[in-house]
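For ligands, and for the atoms within them, numbers begin at 1 and follow the listed sequence.
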Amino acid sequence: MNSALTENQRLLALRDRHIPRGIVTAHPVVAARAQGAELWDVDGKRYLDFVGGIGVLNVGHSHPRVVEAVRSQVGDISHASFQVVAYETYIEVAARLNAMIGGDEHYKSVLFTSGAEAVENAIKIARGYTNRTGVISFRGGFHGRTLLGVTLTGMSQPYKQNFGPFPAEIYHATYPNAYRGISSDNALAELDELFATDVAPDRVAAILIEPVQGDGGFLAAPKEFLQALRERCTKHGIVLILDEIQTGFGRTGTMFGFQHAEIKPDLVTVAKSLAGGMPLSGVVGRAEMMDAPTPGGLGGTYGGNAVACAAALAVMKIFEEEGLLAKGEALGAQLHEGLLALQRRYPRIGNVRGLGFMQAMEMVADDARQSPDAALAQSVIDHARDAGLLVIKCGVQRNVVRFLAPLVTSPAQLAEALQMLDKALAAAGA
Ligand SMILES: Cc1ncc(COP(=O)(O)O)c(C=O)c1O
């Protein structure tokens with residue numbers, strides 16, 4: 001072994017030897033430890049982590065209350081499988097999710113492990129309830145990497161590749177994008193055309209939508225669009241599923257993104273920041289829909305693992321007691337203002353957008369059409385890393401830099417990150 005290699009280089013070489021190229025590591029960094037919004041690599045370099053495990057760490061890395069809950073639970077019982085014996089943490093997580101989303105209406109929850117699994121099960125529940133087959137999701141949407149997940153996802157490469165045939169009866173509608181001139185009215189007109197040309201509404205089991213597209217570029221669905229979907233779903237007996245996997249748990253300034261639109265979804269998928277770094281997901285929905293699958297139709301060996309549930313209960317208490325929603329909203333305003341100030345100096349930041357602390361900047365070419373510039377976005381991301389800031393991209397054209405910093409980031413850390421970004425934009429020639 002070449003002793004001149006850094007520890008990062010040594011481990012990354014082993015990574016390439018032993019792990020397939022299909023799973024990409026966005027940054028050539030090997031993490032050693034992390035706390036709050038900070039992460040240190042195996043060579044001791046410190047980063048501000050504005051990715052948070054892709055939106056998983058809204059309460060920050062290794063929040064002491066999550067660490068304590070995990071330690072304590074693992075000593076009592078780590079896994080029993082809820083399909084074999086029940087345990088209280090699962091029941092309590094479900095009850096709390098039902099109250100958070102259902103309010104005074106009767107909602108039920110079932111827990112799984114990954115986001116994709118939650119999405120798959122939401123579709124099963126909606127089909128089981130309606131006895132219909134059609135599902136409408138949106139172009140630019142992202143719903144996971146299982147075969148149904150990539151089918152629902154509205155981006156072709158790299159997600160779909162040559163992995164077909166894909167499950168049938170999935171239709172894609174247009175998502176509003178004000179920056180690119182697609183209004184709510186345009187998108188609704190296309191949806192109505194889809195109903196007229198491709199699938200009649202009485203054959204549609206579910207409409208699945210992210211309130212803010214995550215991987216698709218941090219596009220927020222306008223309130224009137226989500227309200228119009230709610231109306232159409234109610235009118236046609238279609239189950240409205242909100243995918244809150246990336247937007248949930250305070251990311252957009254409210255607990256869930258749909259709350260901005262003042263609508264009530266029928267089913268909601270949750271994952272990521274639900275359990276502060278432990279793998280946990282769920283489907284939360286109207287009791288009569290959730291009870292549609294007959295006994296044995298839902299489950300999974302690890303779904304609602306006891307340790308992950310204990311972590312989720314800690315996360316929920318942190319939200320209740322540490323004022324994270326208000327902190328997130330203030331941080332979101334600071335980041336948005338900071339990005340707008342950078343946009344005034346760097347013309348190739350075409351658009352700054354987002355909701356709450358879910359903000360992004362779209363990088364564009366120096367042309368009249370503001371064409372998407374993925375290479376520029378990548379260069380900004382690479383220079384930001386050199387400066388000590390971890391961020392990742394998104395967008396159908398991969399030209400959007402997204403920020404998913406923990407809600408426990410301090411205003412000083414955010415100011416420091418903006419300075420690092422300033423350097424990176426200058427170095428990238430933005
Ligand atoms: C909105 C949304 N849905 C579903 C998923 C899939 O979740 P997982 O990667 O845990 O399967 C993601 C992951 O990024 C997501 O952002």
Side-chain angles (χ1 to χ4, degrees), residues 22-26 50-58 110-126 135-155 158-160 163 170 172 175 206-221 226 240-252 255-258 260 265 267-284 300 302-305 308 311-312 315 354-360 391-396 398 400 402-404:
I23 172 148
V24 173
T25 301
F50 274 31
V51 187
I54 321 185
V56 169
L57 294 156
N58 289 0
V110 56
L111 303 178
F112 302 99
T113 308
S114 70
E117 221 185 330
V119 170
E120 295 241 353
N121 279 280
I123 301 300
K124 281 167 58 178
I125 292 165
V135 177
I136 297 175
S137 57
F138 288 83
R139 291 195 194 90
F142 182 81
H143 301 288
R145 291 173 183 273
T146 55
L147 207 46
L148 180 57
V150 295
T151 309
L152 292 161
T153 290
M155 283 177 268
Y159 303 121
K160 302 198 188 193
F163 298 151
I170 309 292
H172 289 97
Y175 196 93
I207 294 183
L208 169 69
I209 187 165
E210 295 159 270
V212 182
Q213 284 193 337
D215 201 51
F218 279 30
L219 294 162
L226 290 177
L240 179 61
I241 309 174
L242 264 290
D243 183 341
E244 293 275 358
I245 287 169
Q246 195 161 150
T247 44
F249 297 90
R251 175 54 50 193
T252 69
M255 200 61 173
F256 298 101
F258 71 78
H260 292 281
L267 302 179
V268 176
T269 54
V270 291
K272 290 193 187 277
S273 277
L274 163 64
M278 298 300 291
L280 186 69
S281 67
V283 183
V284 185
Y302 290 106
N305 167 269
V315 166
L355 256 189
F357 206 26
M358 185 169 185
Q359 297 285 328
V391 284
I392 54 170
K393 61 194 165 194
C394 62
V396 174
R398 309 323 275 171
V400 181
R402 60 172 145 169
F403 302 90
L404 288 166

Check: Ser137 side chain, Leu152 main-chain N or O, donor-acceptor pair, under 3.5 Å: yes

More than 12 heavy atoms of other groups within 6.0 Å of Leu147 CG: yes

Which N or O atoms of ligand 1 sit under 3.5 Å from a protein N or O, and how far apart is each pair?
residue  : atom   : partner : partner atom : Å
ligand 1 : 3 (N)  : Phe142  : O            : 3.3
ligand 1 : 3 (N)  : Asp243  : OD1          : 3.4
ligand 1 : 3 (N)  : Asp243  : OD2          : 2.7
ligand 1 : 10 (O) : Gly115  : N            : 2.8
ligand 1 : 11 (O) : Gly115  : N            : 3.3
ligand 1 : 11 (O) : Ala116  : N            : 2.8
ligand 1 : 14 (O) : Lys272  : NZ           : 2.9
ligand 1 : 16 (O) : Gln246  : NE2          : 2.9

Any donor-acceptor pair under 3.5 Å from Ser273 side chain to Gly276 backbone: no

Ring centres under 6.0 angstrom apart (Phe112, Tyr302): no

Backbone of Gly115 reached by a side-chain donor or acceptor of Lys272 within 3.5 Å: no

Under 3.5 Å donor-acceptor, Tyr175 side chain and Leu219 backbone: yes

